[in-house]
Every structure is written in structure tokens, then in C-alpha cells.
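In this chain, residues are counted from 1 in sequence order. Here the structure is a predicted model, which is why all the values come from computation and not from measurement. Ligands are counted one by one from 1 in listed order, and the atoms in each one are counted from 1 as well.
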Amino acid sequence: MIIRPRRLRRTQALRDMVRETALSVKDLIYPMFVRCGTGVCDPIPSMPGQFHYSVDTIAEEMESIRDSGIPAVLLFGLPDRKDATGSRSCAADGVVQQAVAAIKRRTPDLTVITDVCLCEYTDHGHCGVLKDGNVDNDATVEILARQAVTHADAGVDLVAPSDMMDGRVAAIRRSLDNAGYQDIGILSYAVKYASAFYGPFREAAECAPQFGDRSAYQMDPGNAREGVKEALLDVEEGADMIMVKPALPYLDVIRRVREVSLLPVAAYNVSGEYAMIKAAEERCWIDGPRVMMETLLSIKRAGADLIITYFAREAAAILGRG
Ligand code: PBG
């Protein structure tokens, strides 16, 4: 007798019945960029289909995002000026703080998450403040903890620290609690690799390091066991959700993190993963929408509960409101 797995592939109805992984619009988080000015909606050349918005235009976008069924956005800010300590990252009238408040006024039911980091705000482009040419961990953590509170003041739902300093989740948790924000959560970029896949983002966020690279704080791409260690540390420090980033080159790490933690796991389908698909689609080398859906499904299958992706709007249009 032959075992015939093909029996269950015979019709679409059968295939639907036995499909193990389902992707839903509710799994998606849409990353967006906000800068100073008004009326801004400028295409980002390295990320076709993505834009720089100003506070007014980003708030206007939110109704259509919410109506498409996408539950959450992740905001990145490009400040009016940069300095050595990234001081504009903690300003009550900073661009992200203003955007959070504007979005929450207009679409309070949309979940707003903010990236907490210094690289967009420092003139040297590193994710922390420098001491003798190195990123000073503990001095940086103090600033990040203050930054998180200013986001909470503006009305954010979750803060997402992406800097990879040691001990920052505990410090942010403590300062949120001390400021009375016990209910504001932390989505930690727990397992973040020093990756070349961030290239298009660094152009979009104007945050490429002016010297050296980020290998002294982001993780070595060869290390999966260390990824598990980083994830468990952030759970211990009080993270509410943990993230693996990038997604596609690290599906094995997503799976391992999923298996060791009971928290929701997010994966960041980063700018380079997005740009590669867009570029190949432009050349008619691949069927863009199909490759997009297969990519997102693979990240879900690997174990991610949530996917942060620039494809969110395009995927939502295919998935429906769910
Ligand atoms: C740092 C940050 C980066 C990304 C998100 N947060 C860049 C970096 O670490 O260099 C990359 C996101 C992407 O590539 O889509 N604040």
C-alpha cells in the first residue's frame, strides 16, 4: 500500500481544512516614519511604497489603517536636530511625542507603539551616548528610560526599546512604574542582530552610524543560543512581549524563542527583506504579492505571533478584515 498525502491536497476545500498555519490581519504591526513639518508625504526611495509623514498627515493615515483591520502601528521619529546625547528624543514637543498624541486623539482604538532608541537622534548615529568612542551602556539606559516616559506622557500603548543596551527593559519598567504608568507595556527588541538587512531603514531614518558599526551592542548573526539568553533576560526584566529581528534570516531563532517563552513573540520583517521583494517585483523576476504572503506565512509558521512589516497595508488588502 502507498501512503497518499496527496489525497488531502486534491481540492481547495480539503487544503483549507488541513492548513496548519493561518495568517490574519490581526497579526500585523505597521512601522511608519514621522518627521517635522506639515503636509509631508514624501516617498522613501529605498523602500518603495513607504513614506515620510509629518504629524498631521500621519494622523490622517490612521483611519484607513484602522479600517483595514491592522491593529497597531510602530512609530519612528526623525527629529528637527541631532546632537551628541540625542536630547530631542526626550522632548515633550518631540516629533514622536506629538504624533502619538495626535493619533490617539483621532483614532484612540488603534494601538500605538513607539521605537525607543537614540540612533535617530544622535549626530554620530549610534544607538547610545559615547564615552571614549564606545557606547556607554548605563548612561544610555538612563536616557532611554526618560524617553519612554515622555512617550507614555503622550499616550502610547507600548514602548519598544531597540537599542540593545543591557538592563534597559528593567530600567524602563521601573521608570514607567515610578511615573504612574503601570499599564504601559514593553515590547522588547530582545533578540536583535547586527544585520545588513537594516540598510534601507538607515536611509529612511537617517541613522547610519557615522563611524564603525553596531556590532558592539547588536548580536552576532552566528549566535542562536545567545538569542535565547537575550530573550529570557528580557522576560525576567519585565518585558510584556519579545521580538526577534530581522525575521527571514532568523526563522530558527524565532522558533527557539517561541519554545522557551510564554510571552507573545513578535518578528520584525525588516526594511531589507521588504526592499529585496520590491526590487525583484519591479524587475518582474517574482510575483510580488505571492512572495509577500509566502514570506509572512513563513514567519508565522516559524512561531511568531505578531509580524512587524512594511507590507502590512498590502497584506491587509489581501487578507481582509479577518
Ligand atoms: C534602531 C532601529 C533600526 C531598525 C529599527 N530600529 C536600525 C538599526 O538598528 O540600525 C531597523 C528596521 C528595519 O530595517 O526595518 N532604532
(request) Answer yes or no: is there a side-chain heavy-atom contact under 4.5 Å between T140 and C127? (result) no
(message) Please confirm whether E273 approaches ligand 1 to less than 4.0 Å, judged on its heavy atoms.
(response) no
(message) Show the atoms of ligand 1 that are less than 4.0 angstrom away from any heavy atom in Y268.
(response) 12 (C), 15 (O)
(message) Do E60 and Y53 have side chains that approach each other closer than 4.5 Å (heavy atoms only, starting at C-beta)?
(response) no
(request) Please could you name the atoms of ligand 1 that E120 approaches to less than 4.0 Å, counting only its heavy atoms? (result) 16 (N)
(message) Run R258 and D305 through salt bridge (Lys or Arg N to Asp or Glu O under 4.0 Å) and show every step you take.
(response) CA-CA 9 Å; R258 169 68 292 151; D305 302 289; 2.5 Å; yes
(request) List every atom of ligand 1 that sits less than 4.0 Å from any heavy atom of F76, numbering the atoms from 1 in the order shown and giving each element. (result) 5 (C), 6 (N)
(request) Would you sort out whether N223 and Y193 count as a side chain to side chain donor-acceptor pair (under 3.5 Å), showing the intermediate values? (result) CA-CA 9 Å; N223 294 358; Y193 289 92; over 6 Å; no
(message) For D163, which part has a heavy atom under 4.0 Å from ligand 1: side chain, backbone, both, or neither?
(response) neither
(request) With heavy atoms of R214 as the reference, note each atom of ligand 1 found under 4.0 Å away. (result) 8 (C), 9 (O), 10 (O)
(message) Tell me the protein heavy atom at minimum distance from atom 5 (C) of ligand 1, and give that distance in Å.
(response) K245 NZ, 2.5 Å
(message) Among all protein heavy atoms in this structure, tell me which lies nearest to atom 14 (O) of ligand 1, with the distance rounded to 0.1 Å.
(response) S271 OG, 2.7 Å
(message) Below 30° counts as parallel, above 60° as perpendicular, anything between as tilted: where do the rings of Y310 and F33 land?
(response) parallel
(message) In the structure I gave you, are the side-chain heavy atoms of M241 and L263 within less than 4.5 Å of one another anywhere?
(response) no
(request) For atom 2 (C) of ligand 1, grab the closest protein heavy atom and report residue, atom and distance to one decimal in Å. (result) K192 NZ, 3.3 Å
(message) List ligand 1 atoms under 4.0 Å from Y310, heavy atoms only on the residue side.
(response) 12 (C), 13 (C), 15 (O)
(request) Could you list the residues that satisfy salt bridge (charged side-chain N to carboxylate O under 4.0 Å, His left out) with D220, not counting sequence neighbours? (result) none
(request) Give the residue and atom name of whichever protein heavy atom lies nearest to atom 16 (N) of ligand 1, and the separation in Å to one decimal. (result) S162 OG, 3.0 Å
(message) Distance to the ring centre below 6.0 angstrom and angle to the axis at most 45 degrees; does that hold for K245 and Y198?
(response) yes
(request) Work out whether the distance between some heavy atom of Y274 and some atom of ligand 1 is less than 4.0 Å. (result) no
(message) List ligand 1 atoms under 4.0 Å from C119, heavy atoms only on the residue side.
(response) 1 (C), 16 (N)
(message) Checking one residue: V260. Which other hydrophobic residues are in its cluster under the side-chain 4.5 Å linking rule?
(response) V228, L232
